[in-house]
Each structure stands twice: as C-alpha cells, then as structure tokens.
Amino acid sequence: MSESLRNLAGSIGTVSNISKYSEELEQLIKGEAKTQAPVSQDPTVEDATVFALEKHLEDFLVANWSSTPLGRTHDLYETEESSGQQFPTDTGPIDLLATSKDKQELLVVELKRGRASDAVVGQIQRYMGYVLEEIAEDHQRVRGVIIALDDDKRIRRALQIAQGIEFYRYEVKFNLIPAS
C-alpha cells in the first residue's frame, strides 16, 4: 500500500474520499499490488527516496493549498477529466497546475525536494509552453513557480533572464512539545 493511502486509511474517526486510490485498492484486493515505493521517470532524480520526499511535499501543498501564499491568489486547476495535481502533458506531468481566482492566469508549479538545479528552468519552460499552447485561452497569461528547499548561483542566474518564473523556498518545521 502506498504511504499516502496508508496515512489516509490510518485516520481514526475520519471520513475520507479514497476514490483517487481506486486503482491501487483494486490491485491490493486482487493481490497484484506492487510493494515498492513509486519510482520517478525524471532522469534528474537519482534516488527513489528523493522522489518520495517530493511527492510528500506535493501532497502537503495540495492538502493545505488555501493557506499557502499561492492559494490566496490561485485555485488548483480542475476539469472533469483531471485535477491540477500531476497534470498530464506531452512532455511529462506538471506537479501542480493552478488558475488565478480572476481566471486571467494559469500557474505551473514545479516542486523539487532539495536544491533546485538550473535544469528545472528548462523543465518548467516546457510545461509553460504546453499550457500556453494547449490550455490557455487568448486572454490568459502563463506563469511558473519553482518551489525547492534551496537554490544556488546557477539557478539564480538562469532565473534572471527567464521571464514569468518565480522561485520559492520551502521550510520544514517539526516540533516536539512535552505533554503536561
């Protein structure tokens, strides 16, 4: 069972929508479930645990979207066929796709679990090009956001001339508070 399904199933006293896990549940029932962690098709991801961490970041952002700075101005994109999470394109899935609340802008969000390299700039530009050509209406602009733990001089240099792309750092905090 995937960790996200395991976490959902372990929520005591909570009503949960498990429809997005229907394929995985069917495999579990038939005894055909894969027991290994998801493997990324991204050639820049060298380690399966790295991929899993990126997936946790993605799931966290989706679950808490409205309380993020991006969620204040944008809603996750949704159609009858797909959601804005892992939105399929002909060059690979977009981590998150959102639309501004006034419907004037589409936002492509690319997540990286650690330090972002300058290669992610080309990746997000491919996705932005797809959105501009295949999804955006004439009145809509397309913007990109890269979210990573850290950056370096190479990506900062690349972003200086990459129009319409912003960089956000994320910070993880974990506190243990003694019970009284």
Side-chain angles (χ1 to χ4, degrees), residues 1-42 44-78 82-87 93-102 105-117 120 123-124 143-156 159 165-180:
M1 178 181 306
S2 69
E3 188 165 341
S4 56
L5 178 57
R6 189 170 42 252
N7 290 342
L8 186 68
S11 301
I12 298 170
T14 301
V15 176
S16 302
N17 181 355
I18 60 171
S19 60
K20 76 177 194 179
Y21 299 98
S22 61
E23 187 175 305
E24 181 180 350
L25 289 168
E26 192 173 311
Q27 289 176 342
L28 283 168
I29 291 167
K30 291 179 179 177
E32 301 170 353
K34 299 174 185 162
T35 56
Q36 66 188 51
V39 177
S40 172
Q41 301 302 314
D42 183 348
T44 63
V45 174
E46 299 169 1
D47 183 349
T49 56
V50 168
F51 178 68
L53 288 172
E54 192 172 303
K55 182 71 176 130
H56 287 299
L57 174 60
E58 178 184 309
D59 289 342
F60 178 84
L61 283 172
V62 168
N64 298 282
W65 183 258
S66 62
S67 59
T68 68
L70 299 175
R72 291 185 197 111
T73 57
H74 291 76
D75 295 317
L76 288 172
Y77 186 85
E78 209 164 310
S82 60
S83 74
Q85 185 176 10
Q86 290 298 308
F87 189 86
I94 297 171
D95 288 336
L96 299 173
L97 181 61
T99 184
S100 62
K101 295 191 185 284
D102 66 4
E105 178 179 87
L106 291 163
L107 183 68
V108 175
V109 180
E110 181 58 30
L111 307 172
K112 295 298 176 195
R113 60 92 191 119
R115 176 174 286 144
S117 77
V120 74
Q123 180 183 11
I124 199 167
R143 214 167 48 88
V145 169
I146 299 167
I147 300 175
L149 181 62
D150 207 357
D151 62 350
D152 61 18
K153 185 186 284 188
R154 291 168 48 169
I155 191 169
R156 284 192 299 269
L159 288 172
I165 302 173
E166 293 180 76
F167 182 85
Y168 283 78
R169 289 182 60 237
Y170 69 86
E171 185 176 85
V172 177
K173 290 185 179 183
F174 182 85
N175 293 321
L176 292 176
I177 302 167
S180 355

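All residue numbers refer to positions in the sequence shown, counting from 1.
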request  = Just jot down the side chain to side chain contact (heavy atoms under 4.5 Å, CB included) partners of Val120, sequence neighbours excluded, or say none.
outcome  = Glu110, Lys112, Ala116, Gln123, Ile146, Ile155

request  = Determine, step by step, whether Leu96 and Glu58 satisfy the side-chain contact (heavy atoms from CB on, under 4.5 Å) criterion, reporting the C-alpha distance in whole Å, the side-chain angles of both residues, the deciding distance to 0.1 Å, and the verdict.
outcome  = CA-CA 8 Å; Leu96 299 173; Glu58 178 184 309; 4.1 Å; yes

task = Please list, chain by chain and in numerical order, all residues satisfying salt bridge (Lys or Arg N to Asp or Glu O under 4.0 Å) with Asp75, sequence neighbours excluded.
result = Lys101

key: Sequence neighbours excluded, every pair satisfying ring pair (Phe, Tyr, Trp, His ring centres under 6.0 Å) that has a member inside residues 58-78   = Tyr77-Phe87

request  = Enter the distance from Thr73:OG1 to Leu107:CG here, rounded to the nearest 0.5 Å.
outcome  = 7.5 Å

ask   = Taking only residues at least two apart or on different chains, which pairs with a member in residues 144-153 satisfy side chain to side chain donor-acceptor pair (under 3.5 Å)?
value = Arg115-Asp150, Asp151-Arg156

remark   = One should read off an interatomic distance between Leu159 CG and Ile165 CD1, to the nearest 0.5 angstrom, of 6.5 Å

query = Measuring from Leu106:CG to Leu97:CG, what's the distance to the nearest 0.5 Å?
reply = 6.0 Å

ask   = To the nearest 0.5 Å, what is the distance between CD (Gln86) and CD1 (Ile94)?
value = 9.5 Å

request  = Report the residues that fulfil ring-ring contact (aromatic ring centres under 6.0 Å, His included) with Phe167, sequence neighbours left out, ordered by chain and then residue number.
outcome  = none

query = With a 4.5 Å heavy-atom cut-off, do Leu111 and Asp95 have their side chains touching?
reply = yes

ask   = How would you list, by chain and number, every residue that makes a side-chain hydrogen bond (donor to acceptor under 3.5 Å, both in side chains) with Asp102, sequence neighbours excluded?
value = Ser100

ask   = Taking only residues two or more places apart in sequence, or in another chain, which ones meet Tyr168 in a side chain to side chain contact (heavy atoms under 4.5 Å, CB included)?
value = Leu70, Val145, Ile147, Glu166

task = Sort and list the pairs that fulfil salt bridge (charged side-chain N to carboxylate O under 4.0 Å, His left out) and have at least one residue in residues 60-73, not counting sequence neighbours.
result = none

remark   = Heavy-atom nearest pair, Asp59 first then Gln85, reads OD1-NE2, 2.9 Å

message = Going by the rule salt bridge (Lys or Arg N to Asp or Glu O under 4.0 Å), which residues pair with Glu78 if we only count those two or more places apart in sequence or in a different chain?
response = none

